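What follows is one structure encoded as structure tokens, with my remarks underneath.
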Amino acid sequence: MSKPIFERFLGTWVLDPATCQYEQGPPPVSATYHFASEKGEAVITMSWSDADAETHSMTFNGPTDGTLVPFNGGQLADALSIEAPTELELHSSAYLHQLELMTAKRTLSAL
């Protein structure tokens, strides 16, 4: 079986909020992201604490070709997509009624 294009993202990452550009509210105070591969799909598990010290977590998975996958996000999102345009980029987006509302773009530095 071939390696996934997003292989370099696999593992657990800790968010550095100072390096993030958030357009919707403040960034999390702290966050951990775990990226895995299962049956050729990306599996992203996120755990974070917000400014009110509330903790949150969620997991979603899908192909890395930008396909919208149904997601039970209530009034926030009803579908998610994951895209790996290159081995150094991994994007995820949240949609509500097919309108893209949020995008997370992750970029690795080439070493």
Side-chain angles (χ1 to χ4, degrees):
M1 181 174 214
S2 64
K3 295 179 182 178
I5 189 171
F6 58 94
E7 175 185 28
R8 294 176 70 183
F9 284 90
L10 299 179
T12 301
W13 298 78
V14 177
L15 179 72
D16 179 356
T19 65
C20 299
Q21 298 174 352
Y22 278 76
E23 295 178 4
Q24 294 180 327
V29 174
S30 63
T32 302
Y33 301 87
H34 182 76
F35 297 91
S37 176
E38 186 175 301
K39 299 179 183 174
E41 293 187 340
V43 180
I44 303 173
T45 301
M46 303 177 290
S47 301
W48 70 96
S49 296
D50 62 25
D52 296 326
E54 290 186 38
T55 59
H56 310 271
S57 65
M58 70 178 236
T59 298
F60 64 95
N61 62 294
T64 57
D65 62 2
T67 300
L68 269 60
V69 176
F71 179 74
N72 186 11
Q75 296 297 317
L76 297 176
D78 58 13
L80 299 174
S81 71
I82 304 169
E83 182 180 20
T86 72
E87 64 183 30
L88 299 177
E89 299 174 277
L90 189 64
H91 306 167
S92 55
S93 298
Y95 296 81
L96 186 61
H97 308 296
Q98 298 185 344
L99 177 65
E100 185 179 59
L101 299 178
M102 296 174 269
T103 299
K105 294 184 178 182
R106 301 160 188 92
T107 305
L108 296 175
S109 298
L111 297 175

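Note that the structure is a prediction, hence the values are computed from the model and not measured. The chain is numbered in sequence order, starting from 1.
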- Note on the structure: Rounded to the nearest 0.5 angstrom, the CG-CH2 distance for L108 and W13 is 4.5 Å

- Item | Flag side-chain contact, heavy atom, 4.5 Å: V69 against P63 | yes

- With a 4.5 Å heavy-atom cut-off, do L15 and P28 have their side chains touching? yes

- Message: Is there a side-chain contact between F6 and F35 in this structure, where contact means two heavy atoms from C-beta onward sitting under 4.5 Å apart?
- Response: no

- Any donor-acceptor pair under 3.5 Å from D52 side chain to E54 backbone: no

- Message: Let me confirm one number: the CG-CZ distance from L76 to F71, rounded to the nearest 0.5 Å.
- Response: 8.5 Å

- Task: Could you state whether I44 and W48 fall into the same hydrophobic cluster, counting links through intermediate Ile, Leu, Val, Met, Phe, Trp or Tyr residues with side-chain heavy atoms under 4.5 angstrom apart?
- Result: yes

- Message: Nearest 0.5 Å, please: how far is CD in E83 from CG in D65?
- Response: 8.0 Å

- Linking Ile, Leu, Val, Met, Phe, Trp and Tyr by side-chain heavy atoms under 4.5 Å, what else ends up with Y95? L68

- Message: Quick test of your reading: applying side-chain hydrogen bond (donor to acceptor under 3.5 Å, both in side chains), list the pairs with at least one residue in residues 70-79, sequence neighbours left out, ordered by first then second residue.
- Response: none

- Message: Testing the basics here: between M58 and F60, what is the closest heavy-atom pair and its distance to 0.1 Å?
- Response: CE-CD2, 3.4 Å

- Query: Roughly how far, to the nearest 0.5 Å, is the OG1 atom of T45 from the OH atom of Y33?
  - Reply: 12.0 Å

Going by atom type alone, with no hydrogens or angles, which donor-acceptor pairs under 3.5 Å involve a side-chain atom of residues 87-94 and a protein atom two or more places apart or on another chain?
| unit_1 | atom_1 | unit_2 | atom_2 | d |
| --- | --- | --- | --- | --- |
| E89 | OE1 | T86 | OG1 | 3.1 |
| S92 | OG | R106 | NH1 | 3.1 |
| S92 | OG | R106 | NH2 | 3.2 |
| S93 | OG | E100 | OE2 | 2.8 |
| S93 | OG | T103 | OG1 | 3.2 |

- Task: Might you point out which heavy atoms bring I82 and N61 nearest each other, and give the distance in Å?
- Result: CD1-C, 4.0 Å

- Nearest heavy-atom pair of L10 and S37: which atoms, and what distance? CD2-N, 3.8 Å

